[in-house]
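Since the structure comes first, as structure tokens, the remarks are kept for the end.
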Amino acid sequence: MFYREAGQFKTSYDKDQAVFPIMQDRWFIVAVILAAYFVVPFVADEYWLQAVIIPFLILALAAIGLNILTGYAGQVSLGTGAFMAIGAYACYKLTTNIPDLNIVVAFLISGLMAAAVGIVFGIPSLRIKGFYLAVATLAAQFFVLWLFNKVGWFYNDNPSGTITAPPRELFGVTITGPRATAEARYFVSLTFLVIGAVVAKNLVRGRLGRSWMAIRDMDIAAEIIGIRPLQTKLMAFAVSSFYCGVAGALYIFCWLGSAETEAFDLLQVSFPVLFMIIIGGLGSIIGSIMGAAFITVMPIFLTNFPPMIGIHMATDLQKHIEEIIFGGMIVFFLIAEPHGFARLWQIGKEKLRRWPFPY
Amino acid sequence: MPEPMNETTKDTMTAERMFGDVLLDVDGISISFGGVKALDGVSFNVREHEVLAIIGPNGAGKSSMLNCINGFYHPQEGTITFKGSPHHQMQTHEAASQGIARTFQNIALFKGMSTLDNIMTGRSLKMKKNFLWQALYFGPALKEELEHRAKAEEIIDFLEIEAIRKTPVGKLPYGLQKRVELGRALAAEPDLLLLDEPMAGMNHEEKEDMCRYILDVNDEFGTTIVLIEHDMSVVMDISDRVVVLDYGKKLADGTPDEVRANQDVIDAYLGVSHDENGNGDE
């Protein structure tokens, strides 16, 4: 009843191509963002912020990055972990070597470094497609992590082989390192995600995004229109890796605090982020965020749900059952709705518009 | 086919129509794939504002010819002169930026994108704002986007596809997809439009619509058109000149009437049915 667009006339192309052309959607998004800034940090406790919400925000940023590459430009990548690791290690080297550098600038430069490496690993995409390209990006994954383990320079030769986020301040508030509060780290991650999502949406609805989708859907026709495949694909790799790089830097500096290369392992990061965009919806920015929420929240839910209804079991057994259910849900979801949450969201809105009528 | 009627309309048309200079000159193009000579020393030219049809039996090299013109194939011999500048080999993006657009025999639309986005993609080369402006989607970038949207809407109006502008093209019926593909080619505001079997698989009404659009494009925008078509009545009706290919060689080149009267063409293409229909005494 309340979700009606009657009386909302679009009188200009500007209004017609707005991201949220329906007024109710605009208010909904504004409400969500306001709640994220002014309600969540005061309601959620330290555990929730640290265990669920911050990793969700950071992985959502990485998922947007991968969705640009895989969902929009159609280039399958399994190298997300590598590009995040490059961002993290670049940020570590920057902050330890140049202590005065503003931390936000350090994050952005880390993203640019990841973008540069992403371009290099994107070059094979001109010749190979699909699964073969996925294998080529897998090479990036293994090579980069091996390099960061092998060469001491990347972790400043410290004996433990880990990188640790040094404390840095922004506007007088410590946002990284052990003394930074969960709230501060939450605000930083949230702000990066909001800006990242807006910029990504702008890119994909403009000329560049259309070129990416054209390459994805029919590369020969795109070429004949005058879209140059190599430049367009490398641009997708660069933008995607930039997002992953920034996410990687945040991953260490605003979430884990310190980590080894294992934190960016194929099974730790690359696959889960790929699942996020598949479940959330390929070629959808909001889908990336919804998919990230699902993948980060679901394991926590599965851990806490059995005790809540009075089932207690051994931890290892519980862990295994959790993984089985999780895998099963992904398979079920892909069969039931192959276009992911983004599609469900669309269907839900359609249904809501017509409610209470079935047609 | 109502033969005499055609003749009179055709004659009055050609008398009125004014053609400009030679826009595209194809000179001695040869290309072979392994042992197969797809094109063997084919030469012809297209003048500004002309509608030129390339006909020929299957495998005659018609599509290969279009592929050479827009740089998708690189001919082994010969030169292609477009707007006075000769090219031995054309790159596809070069051809696009010089004003050559085309449609495909099998529809090559971007299936996941809406009709509007497909047409907007056709304008990619005309959009100049750089990456950072696009990321902001504000000020000059927004202005540019809206300007091009207005142009795209003109094409949507022209092709009468307003109702489907937000529909993903993968869901559209075949005839409409063909129309959207024409729209995408038109979006680039080409000087030369290459149409590869624009009417294949269409019913009679759709064919008539498509003919109307092709003639309107030619008339209103002054676009030069080179088309491949198997439907002889369509070819004879809408083209100013016909080039006949067979086994990679040019058999004939002339007005529809000349081509129809050419004995080589009759033998190779129109076949024995020609005499039975009583069209032979021209």
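Every value quoted in this text rests on a predicted model; they were computed, and no experiment measured them. A note on names: the letters A, B, ... follow the listed sequences, proteins ahead of strands, and every chain is numbered from 1.
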A:Ile225 versus B:Leu125: any side-chain heavy-atom pair under 4.5 Å?
no

So which residues of residues 190-199 of chain A are in contact with chain B at a heavy-atom cut-off of under 4.5 Å?
A:Val199

Taking the six-membered ring of B:Tyr137 as reference, does the NZ or CZ atom of A:Arg205 fall below 6.0 Å from its centre and within a 45° cone about the axis?
yes

Using a 6.0 Å cut-off, check whether atom CG of A:Leu126 has over 12 heavy atoms from anything other than its own residue.
yes

State the CG-CD1 distance between B:Asn67 and A:Ile224, to the nearest 0.5 angstrom.
6.5 Å

Using side-chain heavy atoms (C-beta onward) and a distance below 4.5 Å, is B:Trp133 in contact with A:Asn202?
no

Under 4.5 Å from any heavy atom of chain B, what part of A:Val239 do you find: side chain, backbone, both or neither?
side chain

Does B:Lys151, at its NZ atom, have more than 12 non-hydrogen atoms belonging to other residues, nucleotides or ligands within less than 6.0 Å?
no

Between A:Arg228, A:Met213, A:Glu223, the one whose heavy-atom pairs under 4.5 Å with chain B are most numerous:
A:Arg228

Chain A contact via B:Ser97 - side chain, backbone, both or neither, heavy atoms under 4.5 Å:
neither

Does CZ belonging to A:Phe131 count more than 12 external heavy atoms closer than 6.0 Å?
no

Part of B:Ile107 within contact of chain A (heavy atom distance under 4.5 Å)
backbone

Separation between OG of A:Ser12 and CZ of B:Arg149, rounded to the nearest 0.5 Å:
9.5 Å

Per-residue contact mode, B:Leu109 against chain A (heavy atom under 4.5 angstrom)
backbone

Is the number of heavy atoms from other residues, nucleotides or ligands under 6.0 Å of B:Tyr174 OH greater than 12?
yes

Would you say CZ of B:Phe138 has more than 12 non-hydrogen atoms from neighbouring residues, nucleotides or ligands within 6.0 angstrom?
no

Residue selection (most heavy-atom pairs with chain A, distance under 4.5 Å) from B:Asn118, B:Asn70, B:Leu116
B:Asn70

Is the shortest side-chain N to carboxylate O distance from A:Arg210 to B:Glu145 below 4.0 Å?
yes

In terms of heavy-atom proximity below 4.5 Å to chain A, should B:Arg184 be classed as side chain, backbone, both, or neither?
side chain

Which of B:Glu94, B:Gln134, B:Arg102 touches chain A most, by non-hydrogen pairs under 4.5 Å
B:Gln134

Identify which part of B:Ala150 has an atom lying under 4.5 Å from any heavy atom of chain A, answering side chain, backbone, both or neither.
both

In this structure, are over 12 heavy atoms from other groups packed under 6.0 Å from A:Lys129 atom NZ?
no

So B:Thr121 and A:Ile227, do their side chains get closer than 4.5 Å, heavy atoms only?
yes

As an exercise: rank B:Glu144, B:Glu181, B:Met127 by heavy-atom pairs under 4.5 Å with chain A and give me the winner.
B:Met127

Quick check on A:Ala222 against chain B: is it the side chain, the backbone, both or neither that has a heavy atom closer than 4.5 Å?
both

What heavy-atom pair brings A:Ala221 and B:Phe110 nearest, and what distance separates the two atoms?
CB-CE2, 4.0 Å

Closest heavy-atom contact between A:Ser211 and B:Ser124?
OG-OG, 4.2 Å

